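Before I ask anything, let me first share the structure, which is written out below as structure tokens.
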Amino acid sequence: EGLLCSFQPCFICSKMGATITCWEKECDRSFHLPCAPQGECVTQFFGLYRSFCWEHRPQQAVRACPRQKNTCCICLDSVEDKTSYKTMVCPACQDAHFHRHCIQRLALHAGICFHCPCCQNQELFVMEMLTMGIRVSKRLFFLFPTHKCQAQVRGQLRDCLRRAGHLLSWASCPQLHGRAGNGAGKGAGT
């Protein structure tokens, strides 16, 4: 079975060795992971790690409301006035529009406290972004130099980790709570 993928052509670049196949049962499109954005394919980086071709990828149920000036709330450049592969909308406030590449960059930099840049919603927003193929980093997003700031951030991180528990298995990691080395954390290091 491992050799079979080396003979599969990528439907995007036409080169051999495509190892990812669309999750849709009747679809036989295969592609390389690096080719996925060019072909507007989506890979969900959670749960079953499903991948979809451009035709079968999930679509946002939220429809962008046409406005006089649609701008990405991250880079402030113009965006399409409808949802598409390249233009996404926050499912919570339905007012935040952004480019896929802008929200992907934000998700990787924000780490475990990724949320809508406009309404600050996290639960609905993160699940929608994961479903739409946005990768969310599991790393901590920053470290503060002072003890007072660290204590405040630890409390915020604990709350954030509880809300994002479906993404992380190290919510009680000893390093987060200043008890490094005592082995008290469940799933520490995962």
Side-chain angles (χ1 to χ4, degrees), residues 12-13 19-20 23 31-54 57-60 62 64 70-80 83-145 149-150 152-173 175-176 185 187-190:
I12 300 162
C13 72
T19 57
I20 300 172
W23 186 262
F31 52 94
H32 302 110
L33 186 60
C35 296
Q38 180 185 352
E40 297 187 353
C41 301
V42 165
T43 296
Q44 297 174 336
F45 294 92
F46 71 101
L48 297 174
Y49 288 82
R50 301 180 304 175
S51 296
F52 301 92
C53 69
W54 63 270
R57 71 174 182 252
Q59 305 289 324
Q60 281 197 280
V62 175
N70 281 333
T71 58
C72 174
C73 61
I74 299 170
C75 73
L76 303 179
D77 283 342
S78 62
V79 294
E80 297 175 89
T83 57
S84 68
Y85 178 79
K86 295 177 182 177
T87 302
M88 303 174 81
V89 176
C90 173
C93 66
Q94 300 182 12
D95 195 44
H97 295 71
F98 29 80
H99 299 110
R100 175 178 285 274
H101 64 273
C102 290
I103 203 66
Q104 179 60 76
R105 194 171 343 128
L106 180 64
L108 293 175
H109 289 294
I112 59 173
C113 286
F114 177 53
H115 54 76
C116 174
C118 290
C119 72
Q120 311 300 306
N121 179 281
Q122 187 175 35
E123 289 183 42
L124 184 60
F125 180 77
V126 169
M127 283 312 300
E128 178 83 357
M129 295 300 109
L130 287 170
T131 302
M132 299 309 296
I134 300 298
R135 294 181 316 277
V136 179
S137 175
K138 293 181 181 180
R139 67 177 174 79
L140 299 179
F141 60 103
F142 55 77
L143 297 174
F144 282 105
C149 288
Q150 287 176 353
Q152 182 181 4
V153 168
R154 268 191 231 114
Q156 291 171 352
L157 285 175
R158 236 178 273 120
D159 293 341
C160 182
L161 288 168
R162 280 189 206 108
R163 287 192 305 267
H166 59 279
L167 301 175
L168 304 170
S169 60
W170 42 271
S172 56
C173 175
Q175 285 77 11
L176 277 178
T190 60

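Note that the structure is predicted; figures quoted are calculated from it, not measured.
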Query raised in the report: Between Phe125 and Pro91, is any pair of side-chain heavy atoms under 4.5 Å apart?
Result: yes

Query raised in the report: When you look at Cys35 and Ile20, which way does the side chain to side chain contact (heavy atoms under 4.5 Å, CB included) test go after all the steps?
Result: CA-CA 10 Å; Cys35 296; Ile20 300 172; over 6 Å; no

Query raised in the report: Considering only heavy atoms from C-beta outward, does the side chain of Asp95 approach that of Cys118 to under 4.5 Å?
Result: no

Report summary line: Thr87 and Glu80 have their tightest heavy-atom pair at OG1-OE2, 3.2 Å

Query raised in the report: Between the side chain of Gln104 and the main-chain N/O of Arg135, is any donor-acceptor distance below 3.5 Å?
Result: yes

Report task. Please report the closest heavy-atom contact between Phe98 and Cys90, naming both atoms and the distance. Result -> CZ-N, 3.8 Å

Query raised in the report: At their closest point, which heavy atom of Pro58 faces which heavy atom of Gln44, and how far apart are they?
Result: CG-NE2, 3.7 Å

Query raised in the report: Measuring from Phe45:CZ to Ser51:OG, what's the distance to the nearest 0.5 Å?
Result: 7.0 Å

Query raised in the report: Going from SG on Cys53 to CZ on Phe31, what distance comes out if it is rounded to the nearest 0.5 angstrom?
Result: 7.5 Å

**Report entry** Where Ile112 and Gln122 come nearest, the two heavy atoms and their spacing
**Finding:** O-NE2, 3.3 Å

Query raised in the report: Would you call His97 and Cys73 a side-chain contact if the rule is heavy atoms closer than 4.5 Å?
Result: no

**Report entry** Test side chain to side chain contact (heavy atoms under 4.5 Å, CB included) applied to Val62 and Thr83, step by step
**Finding:** CA-CA 8 Å; Val62 175; Thr83 57; 5.6 Å; no

Query - Identified side-chain contact (heavy atoms from CB on, under 4.5 Å) partner of Phe114 from the options Ile103, Leu130, Leu108 - result: Ile103

Query - Heavy-atom side-chain proximity of Tyr85 to Pro37 below 4.5 angstrom - result: yes

Query raised in the report: Quick one: are Phe46 and Val136 in side-chain contact, heavy atoms under 4.5 Å?
Result: no

Query - Pairing residues for Glu128 by the salt bridge (Lys or Arg N to Asp or Glu O under 4.0 Å) criterion, not counting sequence neighbours - result: none

Requested in this report: Sorted by first residue and then second, give each salt bridge (charged side-chain N to carboxylate O under 4.0 Å, His left out) pair with at least one member in residues 31-53; sequence neighbours left out.
Outcome: Glu40-Arg57

Report task. Grab the two heavy atoms, one from Cys116 and one from Cys119, that are nearest each other, plus how far apart they are. Result -> SG-N, 3.4 Å

Query raised in the report: According to the interplanar angle, ranging from 0 to 90°, do the rings of His99 and His101 count as parallel (below 30°), tilted (30 to 60°) or perpendicular (above 60°)?
Result: parallel

Query raised in the report: Would a 4.5 Å heavy-atom cut-off, applied to side chains only, mark Asp77 and Thr71 as touching?
Result: no

Requested in this report: State, to 0.1 Å, how close Pro117 and Ile74 come at their nearest heavy-atom pair, and which atoms those are.
Outcome: CG-CG1, 4.1 Å

**Report entry** Audit row: Met129, Met88, side chain to side chain contact (heavy atoms under 4.5 Å, CB included) steps and yes/no
**Finding:** CA-CA 9 Å; Met129 295 300 109; Met88 303 174 81; 3.8 Å; yes

